[in-house]
Chemist: 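Structure below; questions to follow.
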Amino acid sequence: MSAKPSCLIVASAAPQGVSAKSFHQSFSLCSSVFNLQTATPGGKPIDFVGVDESTARWVQDFNVKSYATPAKLESIDGARYQALLVPDCPGALNDLAHSGSLHRILTHFVSQQKPVCAVGQGVSALCCATEGQTWIFSGYSLTGPSVFELVRRPDFANLPLIVEDFVKDSGGSYTASQEDALHVVVDRHVVTGQNVQSTSVAVNNLILLCSGK
């Protein structure tokens, strides 16, 4: 039995937080397959949003575990991980989308063609990886939240970034399905899911990519 590969789960530390449902599904699917490490900018605690009856107990249990304390994203060495996962994080637009530390980690992952998965509003985290005028995911096909999904956010008018526009403007190819529909795109080693509803299929594709390497 070989040692389990390591997966880095990157989450936002912004006040808009991290989707409890998407994180719960991601963590639950990955925990049997990977050694997991969570990381946030500054190592700040994860602030879960959208907690409901189905996730409240899990979030409560998770928060008292030792592994619930995230590492500082700034001190993460990407070479130690075989996979990277960004669950749906409404806060990602405000911190991960311009994180120099995540940019450094993603550059390593792309150079080594290691599997990367981002879901819903977590896809905006991939936008941080620009070198001058060049985006390292230029030429990739991706999905992410559609404008029709984003417009429901109360802060829509003030969003610093629209993933669809960024991907198209930066040389990527963007697709979306209907609002709240399951939609996952796999291109080489990159898996993206349109929304929270796409979490489990996206994460299972990440697991497939890792088992196939």
Chemist: If you round to the nearest 0.5 Å, how far is CD of Gln37 from CD1 of Ile76?
Modeler: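 Spacing of CD1 (Ile76) from CD (Gln37) equals 5.0 Å.
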
Chemist: Could you state the interatomic distance from NZ (Lys21) to OG (Ser200), rounded to the nearest 0.5 Å?
Modeler: 9.0 Å

Chemist: Would you find a donor on one side and an acceptor on the other, under 3.5 Å apart, between the side chain of Ser12 and the backbone of Ala14?
Modeler: yes

Chemist: Report, as yes or no, whether the 6.0 Å neighbourhood of atom CZ on Phe148 holds more than 12 heavy atoms from other residues, nucleotides or ligands.
Modeler: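 No, CZ of Phe148 has 12 or fewer neighbouring heavy atoms, counting only those of other groups under 6.0 Å.
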
Chemist: Hey, is the main chain of Ser6 close enough, under 3.5 Å, to the side chain of Asn35 for a donor-acceptor pair?
Modeler: no

Chemist: Nearest 0.5 Å please: distance from the CD atom of Gln133 over to the OG atom of Ser138.
Modeler: 12.0 Å

Chemist: Do you know which two heavy atoms are closest between Val119 and Cys117, and how far apart they sit?
Modeler: CG2-SG, 4.1 Å

Chemist: Side chains of Thr199 and Ser22: any donor to acceptor distance under 3.5 Å?
Modeler: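 Judged by distance alone, the side chains do pair up.
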
Chemist: Can you tell me how far apart CG (Leu126) and OG1 (Thr192) are? Round to the nearest 0.5 Å.
Modeler: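 The OG1 atom of Thr192 is 7.5 Å from CG of Leu126, to the nearest 0.5 Å.
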
Chemist: Side chain to side chain contact (heavy atoms under 4.5 Å, CB included), that's the test. Do Val10 and Leu85 meet it? Break it down for me.
Modeler: CA-CA 6 Å; Val10 178; Leu85 171 59; over 6 Å; no

Chemist: Taking the side chain as every heavy atom from C-beta outward, state whether Ile105 and Leu84 have any atom pair closer than 4.5 Å.
Modeler: yes

Chemist: Which pair of heavy atoms, one from Gly120 and one from Pro145, lies closest together, and at what distance?
Modeler: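 Minimum heavy-atom contact is O-CD, 3.1 Å.
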
Chemist: So, does Ser170 use its side chain to make a donor-acceptor pair with the main chain of Phe166 at under 3.5 Å?
Modeler: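 Yes: the side chain of Ser170 pairs with the backbone of Phe166.
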
Chemist: Before you tell me yes or no, could you show the steps for Phe34 and Ile207 under side chain to side chain contact (heavy atoms under 4.5 Å, CB included), namely the whole-Å CA-CA distance, both residues' side-chain angles and the distance that decides it to 0.1 Å?
Modeler: CA-CA 9 Å; Phe34 297 109; Ile207 292 167; 3.9 Å; yes

Chemist: Under 30°, 30 to 60°, or over 60°: which ring-plane class applies to Phe62 and Trp58, parallel, tilted or perpendicular?
Modeler: parallel

Chemist: Is the closest side-chain donor-acceptor distance between Glu149 and Gln194 under 3.5 Å?
Modeler: yes

Chemist: Which atom pair, heavy atoms only, marks the closest approach of Ala118 to Gly122?
Modeler: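 In terms of heavy atoms, the two residues are closest at CB-O, 3.9 Å.
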
Chemist: Side-chain donor-acceptor pair under 3.5 Å between Arg153 and Gln16, yes or no?
Modeler: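 Absent: no donor and acceptor within the cut-off.
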
Chemist: Is it possible for you to say whether Val147 and Val123 belong to one hydrophobic cluster, with membership spreading through side-chain heavy-atom contacts below 4.5 Å?
Modeler: yes

Chemist: Can you tell me if Ser75 uses its side chain to pair, donor with acceptor, with the backbone of Lys72 under 3.5 Å?
Modeler: yes

Chemist: Taking all non-hydrogen atoms of both residues into account, name the closest pair between Val18 and Ala11 and its distance.
Modeler: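 Heavy atoms of Val18 and Ala11 come nearest at CG2-CB, 3.8 Å.
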
Chemist: Work out which heavy atom in Arg80 is nearest to a heavy atom in Gln82; give both atom names and the distance.
Modeler: O-NE2, 4.0 Å

Chemist: Taking the side chain as C-beta and beyond, is there a heavy-atom pair between Cys128 and Trp135 under 4.5 Å?
Modeler: no

Chemist: Within the side chain of Ser99, is there an N or O that forms a donor-acceptor pair under 3.5 Å with the backbone of Asp95?
Modeler: no

Chemist: State, yes or no, whether a side-chain contact exists between Leu106 and Ile136 at a heavy-atom distance under 4.5 Å.
Modeler: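 Answer yes - side chains close enough.
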
Chemist: Do the non-hydrogen side-chain atoms of Tyr67 and Leu36 ever get within less than 4.5 Å of each other?
Modeler: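 The answer is no; the side chains never approach within 4.5 Å.
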
Chemist: Could you tell me whether the side chain of Gln197 and the main chain of Leu182 form a donor-acceptor pair under 3.5 Å?
Modeler: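 Between the backbone of Leu182 and the side chain of Gln197 there is no qualifying donor-acceptor contact (under 3.5 Å).
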
Chemist: With a 3.5 Å distance limit and no angle check, can you tell me whether Asp155 reaches the backbone of Asn158 through a side-chain donor-acceptor pair?
Modeler: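 Pair absent, no side-chain N/O of Asp155 close to backbone of Asn158.
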
Chemist: Cut-off 3.5 Å, side chains only: do Gln178 and His183 have a donor facing an acceptor?
Modeler: no

Chemist: Hydrophobic cluster membership, with links at side-chain heavy-atom distances under 4.5 Å among I/L/V/M/F/W/Y: are Ile162 and Tyr140 in one?
Modeler: yes

Chemist: Check Ala176 against Thr143 and note the closest heavy-atom contact, atom names and distance.
Modeler: CA-OG1, 4.1 Å

Chemist: Which value, rounded to the nearest 0.5 Å, describes the distance between Cys89 atom SG and Gln121 atom CD?
Modeler: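 Here the interatomic distance stands at 9.0 Å.
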
Chemist: In terms of hydrophobic clusters joined by side-chain contacts under 4.5 Å, are Val116 and Val201 together?
Modeler: no

Chemist: Using side-chain heavy atoms (C-beta onward) and a distance below 4.5 Å, is Leu161 in contact with Cys127?
Modeler: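 Side-chain contact under 4.5 Å: yes.
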
Chemist: Would you kindly say whether His108 and Tyr81 are connected by a side-chain donor-acceptor distance under 3.5 Å?
Modeler: no

Chemist: Which class fits the ring pair Phe23 and Phe27: parallel under 30°, tilted 30 to 60°, perpendicular over 60°?
Modeler: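 Judged by the thresholds at 30° and 60°, the geometry between Phe23 and Phe27 is parallel.
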
Chemist: Mind checking whether Cys30 and Val203 have side chains closer than 4.5 Å, heavy atoms only?
Modeler: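 Answer yes - side chains close enough.
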
Chemist: Thr40 side chain to Lys44 main-chain N or O, any donor-acceptor pair under 3.5 Å?
Modeler: yes

Chemist: Should Val184 and Val191 be marked as a side chain to side chain contact (heavy atoms under 4.5 Å, CB included) after you check the CA-CA gap, both sets of side-chain angles, and the distance that decides it?
Modeler: CA-CA 7 Å; Val184 172; Val191 183; 3.8 Å; yes

Chemist: In terms of hydrophobic clustering (I, L, V, M, F, W, Y; side-chain heavy atoms under 4.5 Å; direct or indirect links), are Leu29 and Leu208 co-clustered?
Modeler: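 The answer is no; the residues belong to distinct hydrophobic clusters.
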
Chemist: Can you tell me how far apart NE2 (His189) and CG (Leu206) are? Round to the nearest 0.5 Å.
Modeler: 12.0 Å

Chemist: For Ser31, is there any backbone N or O sitting under 3.5 Å from a side-chain donor or acceptor partner on Lys4?
Modeler: yes

Chemist: Evaluate salt bridge (Lys or Arg N to Asp or Glu O under 4.0 Å) for Asp180 paired with Arg152, printing each intermediate quantity in order.
Modeler: CA-CA 12 Å; Asp180 304 323; Arg152 296 183 236 161; 3.1 Å; yes

Chemist: Taking the side chain as every heavy atom from C-beta outward, state whether Pro41 and Glu74 have any atom pair closer than 4.5 Å.
Modeler: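 Of all side-chain heavy-atom pairs linking Glu74 with Pro41, at least one is under 4.5 Å.
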
Chemist: With the side chain counted from C-beta on, respond yes when Ile46 and Pro70 share a heavy-atom pair under 4.5 Å apart, and no when they do not.
Modeler: yes

Chemist: Tell me whether Ile9 shares a hydrophobic cluster with Val59, the cluster being built from Ile, Leu, Val, Met, Phe, Trp, Tyr side chains joined at under 4.5 Å.
Modeler: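 Cluster IDs for Ile9 and Val59 match.
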
Chemist: Give a yes or no on whether the backbone of Val64 and the side-chain of Asp61 come within a donor-acceptor separation of less than 3.5 Å.
Modeler: no

